[in-house]
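The structure under discussion appears below in the form of structure tokens.
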Amino acid sequence: MSRTTPPRPFDVTALFPRLAPLARTATRLHPRPGSPSPHESSVGGPLLWPAGEPWPHCPDPHPWEQVDAAFDLAEERADRGIPAGAPHQDPEAHEAGERAPEDLADAGLPGPGGPIAMLPVAQLHARDVPLLPLLRPPGRAGADLLQVLWCPFDHPATAHPRTALFWRSAAEVADVLDAPPEPPAVEYPGYLPQPCLLAPDEVVEYPHFMELDEELRQELADWSRWQAAAPDPSYADAPQDLYVSTLSVSPGWKAGGWSRWGLTDPVPRACAVCGTAMDPLLTVASTEWNSGTRSWVPAGEGARAPLPPGVPPGNYTRIDLARGYDLQLHVCPVSADHPHLELIQ
């Protein structure tokens with residue numbers, strides 16, 4: 001089912017021409033619960049993963065008490081009505097499973113199962129997200145498929161799941177892995193994505209207010225500059241809030257576009273290897289919108305995609321990061337071999 005972002009109430013560049021050269025295209029993904037196949041773009045669905053390629057595992061230590069206190073993966077799936085994954089015997093799990101829990105704890109190793117198998121988070125085909133080849137780092141020519149996985153546990157340096165990115169050519173995957181390894185548990189229920197199909201939709205974004213130069217910020221904060229558009233008078237005391245909520249950065253899951261800010265002021269996003277400014281690749285969102293961004297909600301959304309009682313509005317993927325924030329992945333435009341950046345905002 002297609003979903004289209006409503007047009008913005010007016011062209012912000014007509015009022016503030018200096019914004020025009022800062023425009024960027026973003027692809028809103030609009031994930032909604034479904035039953036994706038490995039051949040479809042999805043959030044939380046099965047991946048088009050080659051049968052002969054090792055499945056990613058998180059090698060970091062996961063203390064026994066962290067794994068033991070986590071939420072059982074099978075039980076979480078059952079509670080949400082998600083079909084169980086196919087049985088899989090992980091050789092690393094078998095070897096570690098023969099060791100006593102106290103031995104694993106003393107050694108600072110993961111719980112039974114050895115290194116933690118990563119969970120699928122997103123799979124994007126270029127045929128569904130035409131912007132994808134423009135976001136692809138050098139060295140991945142011909143790749144038309146982006147796959148994102150994460151370890152569903154917090155890590156000492158980052159209070160959120162650790163991600164891994166894989167670029168590949170979908171046509172080169174002849175035999176698909178049908179029973180990938182899985183972690184025994186997830187640290188929080190919000191680290192298990194609900195399987196969702198996508199309905200990509202391109203929008204134009206402009207930088208967050210805090211990323212603009214001082215002159216532009218002053219212009220946007222001047223209510224008299226907005227009068228030609230007859231804006232909502234409730235924004236008279238802080239017209240920049242209208243820009244932030246309605247005219248600049250779209251909410252929810254998206255590829256490309258501009259970085260979102262709010263938890264902190266903007267910080268440099270420089271590659272740890274070469275120092276080059278990094279580009280936004282994918283935003284993994286806790287919700288598709290909130291009370292301040294309802295103008296971005298596709299028409300008729302509530303009736304088409306109702307959520308279970310108790311689930312926050314727009315939380316179709318059931319992901320919850322840092323109590324409702326987003327995880328933004330940035331990549332180096334110089335080399336795909338340089339590590340990507342994870343930013344919670």
Exercise answer: donor-acceptor pairs, residues 231-240 side-chain atoms, under 3.5 Å, sequence neighbours excluded:
from, atom 1, to, atom 2, distance (Å)
D232, OD1, S234, N, 2.9
D232, OD1, S234, OG, 2.9
D232, OD2, S234, OG, 3.1

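Electrostatic pairing of R260 and D326 counts as a salt bridge here, judged by a charged N lying under 4.0 Å from a carboxylate O. Look at E205 and R24 and you find no salt bridge, because none of the NZ, NE, NH1 or NH2 atoms lies under 4.0 Å from a carboxylate O. Salt-bridge annotation for E342 and R162: absent, with no side-chain N of the basic residue lying under 4.0 Å from a carboxylate O of the acidic one. Under 4.0 Å is where a charged nitrogen must lie from a carboxylate oxygen, and between R77 and E182 at least one such pair does. In this structure, R269 does not pair ionically with D279, as no charged nitrogen and carboxylate oxygen lie closer than 4.0 Å.
Here the side chains of P184 and V67 are in contact, with some heavy-atom distance below 4.5 Å. When side chains are defined from C-beta on, N315 does not count as touching D320, because their heavy atoms never get closer than 4.5 Å. Side-chain contact between H160 and H155 is absent, with no heavy-atom pair separated by less than 4.5 Å. Residues T264 and M210 are not in side-chain contact: their nearest non-hydrogen atoms beyond the backbone lie 4.5 Å or more apart. Counting heavy atoms from C-beta on, the side chains of V284 and L282 come closer than 4.5 Å.
Under the 3.5 Å distance criterion, with hydrogens and angles disregarded, a donor-acceptor pair is assigned to the side chains of Q66 and E187. Looking at H30 and S2, their side chains never bring a donor and an acceptor atom within 3.5 Å of each other. Side chains of S295 and R8: a donor-acceptor N/O pair is present below 3.5 angstrom, by distance only. For the 3.5 Å distance criterion, the side chains of T5 and R28 qualify, holding a donor opposite an acceptor. Residues W49 and Q147 bring no donor and acceptor atom of their side chains to less than 3.5 Å of each other.
A distance of 6.0 Å or more separates the ring centres of Y316 and W253. For H125 and H39, the ring centers are positioned 6.0 Å apart or more.
By the neighbour-count criterion of 12 heavy atoms within 6.0 Å, atom CG of D175 is sparsely surrounded, having that number or fewer from other residues, nucleotides or ligands. Environment of CD in E172: sparse, with no more than 12 heavy atoms of neighbouring residues, nucleotides or ligands closer than 6.0 Å.
Taken to the nearest 0.5 Å, the CG atom of L19 stands 9.5 Å off from the CG atom of L247. A distance of 5.5 Å separates OG of S41 from CG of L198, quoted to the nearest 0.5 Å. Remark: L307 CG to E288 CD distance equals 10.5 Å, nearest 0.5 Å. Remark: Y243 OH to H208 NE2 distance equals 9.0 Å, nearest 0.5 Å. In this structure, the separation between CG on L329 and CG on L343 is 9.5 Å, given to the nearest 0.5 Å. Atom NE2 of residue H57 and atom CG of residue L149 lie 11.0 Å apart, to the nearest 0.5 angstrom.
For E75, there are no salt bridge (Lys or Arg N to Asp or Glu O under 4.0 Å) partners at least two apart in sequence or on another chain.
Checked by atom type and distance alone, the side chain of S286 pairs as donor or acceptor with a backbone atom of Y325 at under 3.5 Å.
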